[in-house]
Amino acid sequence: MLGLLKSEDCSNLGEAAEALGYSWRQCQRWFKSYQEGGIEELLKSRLSERGRQELVTPEAFSGIFRRP
């Protein structure tokens, strides 16, 4: 999401959410986490807080540090 926004491939969260296949609301939550705590906050697993499977796919995690 951040890569799409920073590269200007997507001009807003709605476009990024659609491109990634996530809801706008989920991308909004991630963006707020990023604004409040940086990339470190985004990388924290929330699995224990939710009690269900991780929402971020392994592919998404592997692409976090790749530069476009």
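Source: prediction; values computed, not measured. Side chains are part of it too, since the values below use all heavy atoms of this structure and drop only hydrogens, waters and symmetry mates.
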Task: Approximate separation, where rounding is to 0.5 Å, of R29 CZ and W24 CH2 - done: 9.5 Å
- [ ] Specify the closest pair of heavy atoms between A16 and M1, including all atoms of both residues, with the distance to one decimal.
- [x] CB-CG, 4.1 Å
TODO: Determine whether L5 and E15 make a side-chain contact, defined as any pair of heavy atoms from C-beta on separated by less than 4.5 Å.
DONE: no
Open item on the list: Within this structure, what is the OG-CD distance for the pair S23 and E18, rounded to the nearest 0.5 Å?
Closed with: 12.5 Å
Task: Test salt bridge (Lys or Arg N to Asp or Glu O under 4.0 Å) applied to K6 - qualifying residues, sequence neighbours left out - done: none
Open item on the list: Let me confirm one number: the CD-OH distance from E40 to Y34, rounded to the nearest 0.5 Å.
Closed with: 9.5 Å
TODO: Find the distance between CH2 (W30) and CG (L13) and round it off to the nearest 0.5 Å.
DONE: 11.0 Å
TODO: Assess whether atom CD of E8 is packed by more than 12 heavy atoms of other residues, nucleotides or ligands within 6.0 Å.
DONE: no
Task: C27 to Y22 - nearest heavy-atom pair and separation - done: SG-CB, 4.1 Å
